[in-house]
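We name chains A, B, ... by the order of the sequence lines, and we start the count at 1 in each one.
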Amino acid sequence: MTTASSLLLANARLVDPGSGREGAGSVLIRNGLIAEVRWGAASEAPRFVEVVDCGGQVLAPGIIDMRAFTGEPGAEHRETLKTASEAAAAGGVTSLVCMPDTNPVIDDPAIVDFVQRRARDTAIVNILPAAAITRGLEGREMTEFGLLGEVGAVAFTDGARSVRNAQVMRRALTYARAFDALIMHHVEDPDLVGEGVMNEGEMASRLGLEGIPREAETIILERDVRLVRLTGGRYHAAMISCADSVEIVRRAKESGLKLTCGVSINNLALNENDVGDYKTFCKLSPPLRHEEDRQAVIEALAEGVIDVIVSDHNPQDVETKRLPFAEAANGANGLETLLSAALRLFHSGQVPLVQLMRALSSRPAEILGLPSGRLTPGAPADLIVFDPNEPYVLDKRNLRSRSKNSPFDEARLEGRVLLTLVGGAVVYDGRPRLAARD
Amino acid sequence: MNASAPRPVFPHRHLLGIQGLSPQDIEALLDMADEAVEVSRQIEKKKTTLRGRTQINLFFEPSTRTQASFEIAGKRLGADVMNMSVASSSVKKGETLIDTAATLNAMRPDIIIVRHHAAGAVHLLARKVDCSVVNAGDGAHEHPTQALLDALTIRRNKGRIQGLIVAICGDIRHSRVARSNIILLQALGARVRVIAPATLLPEGIENFGVEVFTDMRRGLRDADIVMMLRLQRERMNGSFVPSVKEYFRFFGLDQEKLSLAKPDALVMHPGPMNRGVEISSAVADGAQSLIREQVEMGVAVRMAVLEALASHLPNR
């Protein structure tokens, strides 16, 4: 790990989603912060500075992942903060928001504090805990937004669960205003999901599996939009997955509401056909949808109707996945493949690189109120260098995560991280991989 | 049928579903089953095809007739048959599926017959064992031997399947029998209709190539075969249909509704029947009913399936 107090990342192709600017340049890091951003051809390096030649590869702010599940505390056999952070670093994720679905649930300031201490001692990227909206994720009593925010909870979410009761949601959105707290909500009506295990439609019916209608998502999303209008609370729909949801968000934004929303990388890169022969790694919430829905969310991302891309990283092991489809747990491993999978949209010509990085970095920073996510002097030097074209075939055994449930196992991917820096320190160095190949 | 004609080898190691079988595969199984019917009607019912082989019936869901049928079929072919019923309540769901598969596999069986309450469970198990696997019903997915025995029953009574109008009525949504039958009957050229209240139809059924009816009277018109499905008790009380009374009135098969089908229409039911729910006793026991014959054909079809798989068994 390099901890030189001054470092020049030279000869790079800078991509700054904050300003939308893209071009040749270099970045000077001093004391963990970006000291200087030089656009244009290489100029002479200052003296007494370590120089890293980026070889013309992309240099961008590190990814800020607003949705990752870890197993700590409570399910360390699936993932610890340490292993999640190592996977993150290798995937170019420099900050991740960890979900409160732990055991015990992150619904109390002491547990937020515990997670932060564990992260400080063991993790190599920034771990930002999200706290529960309701105690025990049970959807009934509000948690202490003020106290939780004071100790460092960056947002409030019931994680994989939806707040079923509209009155509870209304009060949470109203109360959150006093602290300008962000409510991040998983939009999925549990009653309409019922016994459903995959997208509703012909595919589910042929497999003999119960379906999950799109309306399970759109009804809760529409409800939330109206509650946001009623309360003025700061709201973020964690993940939308279908064309109808895109329309709901588009209309809400056009009407002047300040809500935001995300999309899971899985809903951008995969569709229901990937379930194939009962592949439980593709059992997700929200479920993989029809190809038309996938195209709709890609378009919405390109237009900026969808603000952010999340990994929805959810480590599961053999015990929870090597089961009949209906009995398997939801969730896919995602931190380490997030960037590569997102770059598929760049390579297909559907989303420009700067727009991808906006959804992966500067928008999450803006929503969470973080100083990172931009190439600006004074911002934390949370940076990544990556080759957007390096091809590889994913072998799940090589994943750094403690769980191997990647839906991209054996998939051909393009684009890999060469260097990840957090606070100016190198936390992942993929250059030996290239050297070994040469 | 010429018994001495060389028979093409059945090109599959497992029978996991009708999906994936060619019309030729299906016809070959039905031809073999016709021969098995003759064997079963003799005093000497024993063949030696599976002598020395071990067949395990692994049932995670209670079943009387399917399990008995597979047991008799195996024994008539000379196999040693072992029944393992795993009451689903005592099993921590699924967890034991892989464990059980591994344990049984270590005992070197030649063939495992599996029924499981979850769709896809039999496929999962088949990937973990070295022997042949036969799907005896997985969730709402497939029940291939039921579809084969239905086809055999139809073919023996009508002389053909091509061009017949087959109306499948009842809980299509939760029925593996319906799914396997739709695929098989269409592969052999039948026109398939499904008849059910909309709550009991799976989403996207119109893309299965079937005609869809929610009015039973219209759906039965000119049908050659009326295939009734069982409605589970827990679905009758307001969750999917309001009551037994209402269901029987609009979707139960009685003489009056049956008279709308062709005069020589035949009635089938995979069993066990709920008399007075989906079918009246008069129809079930009437002259047009093939229900008892289906049970006999069940043994024959399962003998045919076991014989067809015999060329792929391990432990040579």
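Contacts of residues 134-151 of chain B with chain A at a heavy-atom distance below 4.5 Å involve B:Asp138, B:Ala140, B:His141, listed in sequence order. Of all residues in residues 200-210 of chain B, those placing a non-hydrogen atom less than 4.5 angstrom from a non-hydrogen atom of chain A are B:Pro202, B:Glu203, B:Gly204, B:Asn207, B:Phe208. Within residues 292-301 of chain A, no residue has a heavy atom under 4.5 Å from a heavy atom of chain B.
Of the inter-residue distances, the one linking B:Leu124 atom CG with A:Arg322 atom CZ reads 8.0 Å to the nearest 0.5 angstrom.
Annotation: salt bridge (charged side-chain N to carboxylate O under 4.0 Å, His left out) contacts of A:Asp277 (sequence neighbours excluded): B:Arg127.
Within 6.0 Å of atom CZ in A:Arg140, 12 or fewer heavy atoms from other residues, nucleotides or ligands are found, so the atom counts as exposed in its surroundings. For CD of A:Gln167, the number of neighbouring non-hydrogen atoms (other residues, nucleotides, ligands) closer than 6.0 Å is greater than 12. Counting non-hydrogen atoms of neighbouring residues, nucleotides and ligands closer than 6.0 angstrom, the CZ atom of A:Arg226 reaches no more than 12 such neighbours.
Minimum interatomic distance between A:Pro324 and B:His116 (heavy atoms only, all atoms of both residues): CG-CE1, 4.0 Å.
B:Arg179 places no side-chain N or O within 3.5 Å of a backbone atom of A:Leu207 that could act as its donor or acceptor partner.
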